[in-house]
Amino acid sequence: MEINDETVDKLAFLARLEFSAEEKPAIRQDLSRIITWIDKLNELDTSNVEPLIYMSNEVNVLRKDEVNNSVSHEDALVNAPKKDSDYFRVPKVLDK
Amino acid sequence: MVKEYINNPKIGLYPISFSPCFFASLPPYGIMQDVYDKYELIVGLEVHAQLLTQSKAYSADSAEYGGNPNTHTSPTSLGLPGALPVMNEKTLEYAILLGLALKCDIRYENQFARKNYFYADLPKGYQITQDKTPICNNGYVIIKDDNGKDKKIELERIHVEEDAGKSMHDQDPYDTLIDLNRAGVPLVEIVSKPDIRTSKEAYNYLTEIRKIVRHLEICDGNMEEGSLRCDANISVRLKGATTYGKRVEVKNMNSMRHVQKAIEHEMKRQIDCVERGETIVQETRNFDAATGTTSAMRSKESAHDYRYFPEPDLPPIFITQEKIAEIKSTMPPLPDELFRKYTQELKLPEYDAYILTDNKYEALYFEEIIQHTTNVKAASNWMMVHIKSYLNENGLDIKRFEVKPTTIADMIALIDSGKVSSSAAQQIFVEIVKNPTADPLTIAQQLNLIQESDSSAIEPLVDEVLAKFPAKVMEYKEGKKGLLGMFMGEVMKASGGKADPKVATEILKKKLDV
């Protein structure tokens, strides 16, 4: 599969990453290599193979509707790079 | 650029690639009502309902509304690495209950999917939802159309998902504040087919959905607080056209009136657009409640690519027929079933049936009264008039109304047997609400309200009155039948207000009409 700059830009946007013009060729090459490698799977006929989604055979794993707040307010905020006594703080999302 | 042409009746064939930006700022010049009448509105609604579970959809932190910021969290709702979701069984039960109430097919094999997007109030970076295997398909809601006739709005699907946290953009000049209490609260999304044709139908559809979720007690149905939310997919087309126009999604409407207004505005905007020879841009628009208009959200926000893929952390869930039967057995009688019962079986007026089924507990109260009386119209009047106004005046919920339905049935029996008049019954009611365990008959006796319906006691009074007014009796016999009321008044006066008016009238007529 051909990886062009447009694809790189789109993936970068979706992943919220930023690449400089100098970085792009290398990224493009890496992505191409990865895709080519994955493309190897196309050599196999998987038309009769169910996709493997789950790593175990468990089904119907359910929980009773009971409250157990396992994280305190303090612990919830402990790793936040920016916070106040109540909230997580992030750069403004909307321009006013 | 590929040039498409649309056939515009005013302008003729027009190359679309030229038009959009060029004319966008022009007012809808000279478009008259009959032009609007050529078009048909097509609306499909997506309703999100927050489920009233104790804990969240995929983790055990509290799902309660309110609470201090960031006090209802868990590793899962915080999106901490390695945290695993576990399905809340109540979430599924509520979704199934709703599906059954809306006559949907319930899916046997349920899988979950990740919907990926980055936003600060979604710490995991994806929402766990159902993509290809919604728990419910098909089904329908019966609403009233603009002429008051029943109309079926079919459903596409209902699926289970989770809410995001809350972002506050206007509390601080530099930062957005994030509260994750709501992150992971269970939602069902109810997606209608594009069967809605007017803004009033949309309003009626939402009213009906709200009534049902409240009746099932799975959602409190509060649009202002956001526990019930609605997005509208809106398009227009020339009447008689068989394909749909480009649709626009409108968000951010937080009352049912807003939904109605947004649809009306959007319909006009799109018709104006088409009439000017422009194409409708498929986009997401934001409703502004202050102006009643919609505006395009920035393209970045609407350029979504969610990259759905199966959620490997939640094993599939199989819903058996036994489970469905079990949930069905817990289903309360539904408003539309009760409505049909009241109008068709009990022959109550539609208005009564509408009021009686509006609130589940009031309906259940009424159901209990009619277990103990056959006079259903009287029971309906007691509900609609005396009980409802008492509840309203005192700001009470019927759940906290202490008078037993059997007591109301007893009062109806007292009136029907002629022991008390209906105005006396109101006096008894006033006493009963003060003392809910009292017996209506005892109160009637204490207040001296038992009316005389024994004709042998009333007859002498009638004779007395007729003897007192011989001239009036003559006039009556000569045809002045209106005097009956005056005689009645005199008989009632003579009895101290306790004569049964029905019996008294009969005796009077018998004596006068010989």
Side-chain angles (χ1 to χ4, degrees), chain A residues 1 3 6-19 31 34-35 38 41 46 49-96, chain B residues 53-56 58-64 68-75 77-78 80 86-93 109 111 116-121 123 165 167-180 298 300 303 305 307 309-319:
Chain A
M1 187 183 155
I3 301 290
E6 209 178 300
T7 314
V8 172
D9 287 344
K10 189 186 170 199
L11 290 173
F13 171 71
L14 289 171
R16 300 296 187 273
L17 295 172
E18 226 173 329
F19 301 117
L31 279 171
I34 292 166
I35 301 255
I38 298 284
L41 290 176
T46 57
V49 181
E50 281 284 309
L52 177 71
I53 300 170
Y54 308 102
M55 292 300 134
S56 83
N57 292 321
E58 280 188 301
V59 297
N60 294 350
V61 180
L62 296 167
R63 173 176 60 79
K64 290 251 171 276
D65 182 26
E66 284 159 6
V67 174
N68 172 21
N69 279 5
S70 51
V71 175
S72 69
H73 175 245
E74 199 184 18
D75 284 349
L77 292 166
V78 75
N79 291 318
K82 196 172 183 191
K83 65 198 161 195
D84 59 29
S85 53
D86 287 326
Y87 296 99
F88 295 92
R89 283 175 169 261
V90 299
K92 204 152 203 99
V93 183
L94 285 181
D95 299 320
K96 278 275 163 180
Chain B
T53 54
Q54 301 293 312
S55 64
K56 291 183 179 175
Y58 315 115
S59 54
D61 30 339
S62 170
E64 201 186 347
N68 290 325
N70 297 303
T71 54
H72 301 165
T73 62
S74 65
S77 54
L78 290 168
L80 300 185
V86 186
M87 190 72 213
N88 179 347
E89 62 177 4
K90 204 92 204 166
T91 301
L92 292 173
E93 285 172 13
E109 183 176 355
Q111 294 188 345
N116 300 278
Y117 67 95
F118 283 118
Y119 208 79
D121 55 25
S167 301
M168 277 150 282
H169 305 293
D170 48 10
Q171 309 264 313
D172 183 273
Y174 308 109
D175 292 336
T176 289
L177 308 184
I178 307 288
D179 174 10
L180 295 178
R298 281 171 301 162
K300 241 188 189 176
D305 180 353
R307 293 150 295 144
F309 66 88
E311 166 58 275
D313 291 342
L314 274 181
I317 286 157
F318 295 89
I319 298 166

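Quick note: numbers below take in every heavy atom, side chains included, and nothing from hydrogens, waters or symmetry partners. A note on names: the letters A, B, ... follow the listed sequences, proteins ahead of strands, and every chain is numbered from 1.
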| said: Do B:Asn68 and A:Asp86 make a side-chain contact, defined as non-hydrogen atoms from C-beta onward lying under 4.5 Å apart? | reply: no
Answer yes or no: does atom CD of B:Glu64 have more than 12 heavy-atom neighbours from other residues, nucleotides or ligands under 6.0 Å?
-> no
Okay, B:Glu311 and chain A: the region with an atom under 4.5 Å from a heavy atom over there is backbone
Cut-off 4.5 Å, heavy atoms of chain A, and the answer for B:Asp172 is both
Rounding to 0.5 Å, atoms CG (B:Asn70) and OH (A:Tyr87) come to a distance of 8.0 Å
Ranked by heavy-atom pairs below 4.5 Å to chain A, first place among B:Pro75, B:Gly165, B:Ala63, B:Ser167 goes to B:Pro75
Cut-off 4.5 Å, heavy atoms of chain A, and the answer for B:Tyr117 is neither
Max heavy-atom pairs within cutoff under 4.5 Å with chain A, candidates B:Pro173, B:Pro310, B:Pro316, goes to B:Pro316
Most heavy-atom pairs under 4.5 Å with chain B, out of A:Ala76, A:Ser56, A:Ser85, belong to A:Ala76
In sequence, state the C-alpha distance, the side-chain angles, and the governing distance for A:Leu62 and B:Ile317, and then conclude on side chain to side chain contact (heavy atoms under 4.5 Å, CB included).
CA-CA 9 Å; A:Leu62 296 167; B:Ile317 286 157; 3.9 Å; yes
Note: A:Tyr54 and B:Pro312 closest approach over all heavy atoms is CD2-O, 3.6 Å
If one checks every heavy atom of B:Ser59 against chain A at 4.5 Å, the contacting part turns out to be backbone
Separation between CG (B:Leu180) and CG (A:Leu77), nearest 0.5 Å, reads 8.5 Å
Would you confirm whether B:Lys90, through its side chain, and A:Glu66, through its main-chain N or O, come within 3.5 Å as a donor-acceptor pair?
no
When the 4.5 angstrom heavy-atom criterion is applied to A:Lys10 and chain B, the contacting part is side chain
With a 4.5 Å limit on heavy-atom distance, are the side chains of B:Arg307 and A:Leu14 in contact?
-> yes
So, the side chain of A:Asp65 versus the backbone of B:Ser55: is there a donor-acceptor pair under 3.5 Å, distance only? yes
In this structure, CD of B:Gln54 is separated from NZ of A:Lys64 (nearest 0.5 Å) by 13.5 Å
Okay, A:Leu52 and chain B: the region with an atom under 4.5 Å from a heavy atom over there is neither
Check your understanding: Can a salt bridge be assigned to the pair A:Arg89 and B:Asp175 using a cut-off of 4.0 Å between side-chain N and carboxylate O?
Key -> yes
Check: Side chains of A:Asp84 and B:Leu177: does their closest heavy-atom pair fall under 4.5 Å?
Finding: yes
Counting heavy-atom pairs under 4.5 angstrom with chain B, the leader among A:Lys82, A:Met55, A:Lys83 is A:Lys82
Closest heavy-atom pair, A:Glu58 versus B:Pro315, reported as atoms and distance to 0.1 Å, is O-CB, 3.2 Å
Okay, B:Phe318 and chain A: the region with an atom under 4.5 Å from a heavy atom over there is both
